[in-house]
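Note that ligands are numbered from 1 as they come in the structure, with each ligand's atoms numbered from 1 the same way. Numbering of residues begins at 1 and proceeds along the displayed sequence. Below, each value reflects all heavy atoms present in this structure, side chains not excepted, and no hydrogens, waters or symmetry copies. Worth saying up front: this structure is predicted, and the values here are computed from it rather than measured.
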Amino acid sequence: MSNIKHVAVIMDGNGRWAKRRFRPRVWGHVRGSSVVSDIVKAADDVGLKSLTLYAFSTENWSRPAEEVSTLFTILKKFLLKEKAKILANNIKFKVIGQIQNLPQATVSLIRDVEALTENATGLYLTFAFSYGGRAEILSSINHFIEKNPGQQITEKDLSAALYRPESGDVDLLIRTGGEQRISNFLLWQIAYAELYFSPTKWPDFTATEFKKIIDDVSIRERRFGNVCSQVGLEEATRQAASGKTTYLQGNTLNV
Ligand code: IPE
Ligand code: IPE
Ligand code: MG
């Protein structure tokens with residue numbers, strides 16, 4: 001098992017994928033939705049703790065009404081189709097975002113699947129729907145202030161007040177579709193995430209590519225502002241103690 005526990009994915013490129021095939025954008029969304037369950041399964045297979053998928057942003061509300069309502073329909077159909085699988089695989093499902101303006105039947109279905117999986121102990125699967133990173137931070141701060149009037153908020157408090165705190169910080173953020181931007185996704189949680197931008201449009205994305213990205217990124221050294229990774233530091237400390245190393249670059253280790 002690698003040091004990657006939480007993977008977040010910006011599932012982008014559906015519209016361009018369809019356009020290239022002279023089809024309407026919504027066709028790309030339909031095809032893209034069928035990739036989702038493969039990626040959820042792959043996340044489970046490789047033993048991730050959390051998978052967060054960006055399906056619809058607060059900014060996506062400005063798209064044509066027909067596209068927006070098709071995306072709601074796709075979400076509903078996905079949940080109806082996948083509900084049994086989610087339950088069978090012990091997945092703990094949650095939607096983060098401001099979903100109150102979605103059709104009532106879709107909201108009920110979401111709440112139903114969330115409640116049914118509340119005690120699941122497997123993968124934390126999160127759909128970010130009508131989600132915005134800035135809105136999440138603001139809502140978390142406001143929530144904290146309401147509960148703790150007059151108290152200053154700390155980083156720990158804010159992390160604990162997020163929509164789904166148990167998912168933790170993001171270790172790896174993947175964006176498909178070739179664009180290299182964050183588009184208001186998990187702004188607080190990605191502070192130290194590894195970033196991976198794949199040119200593959202979402203409908204063409206596969207479990208194989210997903211697993212390969214995780215493997216490739218697992219061997220990157222994550223320093224978190226230190227001079228070397230924690231593992232490297234521990235090794236250097238061990239070597240220093242055994243007299244093999246007398247010098248470590250930087251000022252973190254006193255030998
Ligand atoms: C991502 O695909 C899905 C959503 C944002 C809902 P896009 O619809 O953004 O596809 P492109 O980026 O236009 O190709
Ligand atoms: C980000 O993609 C949102 C989702 C994938 C759900 P967009 O296509 O909306 O982002 P921009 O407009 O390229 O930044
Ligand atoms: Mg896009």
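Near Ser183, meaning under 4.0 Å from any of its heavy atoms, are these atoms of ligand 2: 1 (C), 10 (O), 11 (P), 14 (O). Those atoms of ligand 2 that come under 4.0 Å of a heavy atom in Ile10, given as number and element, are 1 (C), 5 (C). Every atom of ligand 2 with a heavy atom of Ala55 under 4.0 Å away is listed here by number and element: 6 (C). The contact set between ligand 1 and Arg16, taken as ligand atoms under 4.0 Å from a residue heavy atom, comprises 11 (P), 12 (O), 14 (O). The atoms of ligand 2 that sit less than 4.0 Å from any heavy atom of Phe56 are 6 (C). Here is the list of ligand 1 atoms found below 4.0 Å of a heavy atom in Arg25: 7 (P), 8 (O), 10 (O), 13 (O). Near Leu71, with a cut-off below 4.0 Å to any heavy atom, the atoms of ligand 1 are 6 (C).
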Q. Yes or no on side chain to side chain contact (heavy atoms under 4.5 Å, CB included) for Val107 and Phe72, after CA distance, side-chain angles and deciding distance?
A. CA-CA 10 Å; Val107 176; Phe72 298 160; over 6 Å; no
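Between the side chain of Thr176 and the backbone N or O of Lys201 there is no donor-acceptor pair closer than 3.5 Å. Of the possible polar contacts, none joining the Asp204 side chain to the Thr200 backbone as a donor-acceptor pair under 3.5 Å is found. Without hydrogens or angle criteria, Glu136 side chain to Tyr163 main chain gives a donor-acceptor distance under 3.5 Å. Using modelled atom types, one side-chain atom of Tyr54 and one backbone atom of Ser183 make a donor-acceptor pair closer than 3.5 Å. Checked by atom type and distance alone, the side chain of His6 pairs as donor or acceptor with a backbone atom of Ser167 at under 3.5 Å. The main-chain N or O of Gly132 is never found under 3.5 Å from a side-chain atom of Asn184 such that the two would form a donor-acceptor pair. Trp202 places a side-chain N or O within 3.5 Å of a backbone atom of Gly32 that can act as its donor or acceptor partner.
For ligand 1, none of its N or O atoms has an N or O atom of Trp17 under 3.5 Å away. For ligand 1, none of its N or O atoms has an N or O atom of Asn60 under 3.5 Å away. Backbone and side-chain nitrogen or oxygen atoms of Arg63 are examined, and one is located within less than 3.5 angstrom of a nitrogen or oxygen of ligand 2. For a threshold of 3.5 Å applied to N or O pairs, the pair formed by Ser57 and ligand 2 contains no separation below that value.
Residue contact annotation: His29 has a non-hydrogen atom under 4.0 Å from ligand 1. The shell of residues lying under 4.0 angstrom from ligand 1, judged by heavy atoms, includes Gly13.
Proximity annotation for atom 9 (O) of ligand 1: of Asn14, Thr176, Asp12, Asp12 comes nearest, heavy atoms only. Comparing heavy-atom distances from atom 10 (O) of ligand 2 across Arg181, Glu59, Glu179, Arg175 singles out Arg175 as nearest.
Salt bridge status for Lys212 with Glu209: absent, with no side-chain N to carboxylate O gap under 4.0 Å. Looking at Glu166 and Lys94, no side-chain N of the basic residue comes within less than 4.0 Å of a carboxylate O on the acidic one, giving no salt bridge. No salt bridge links Asp215 with Lys211; every basic N to acidic carboxylate O contact stays at or beyond 4.0 Å.
By the 6.0 Å contact criterion, CD on Gln151 is enclosed, its count of non-hydrogen atoms from other residues, nucleotides or ligands being greater than 12.
Below the 2.8 Å limit, the Mg ion (ligand 3) has as protein N, O or S neighbours Asp12 OD1.
The protein heavy atom nearest to atom 1 (C) of ligand 1 is Met11 O, 3.1 Å.
Under the 3.5 Å distance criterion, with hydrogens and angles disregarded, a donor-acceptor pair is assigned to the side chains of Asn60 and Ser57.
Note that atom 12 (O) of ligand 2 has no protein non-hydrogen atoms nearby, at separations under 4.0 angstrom.
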All N/O donor-acceptor pairs, side-chain side in residues 119-128, below 3.5 Å, sequence neighbours left out:
residue	atom	partner	partner atom	Å
Thr121	OG1	Asn90	ND2	2.7
Thr126	OG1	Arg164	NH1	2.9

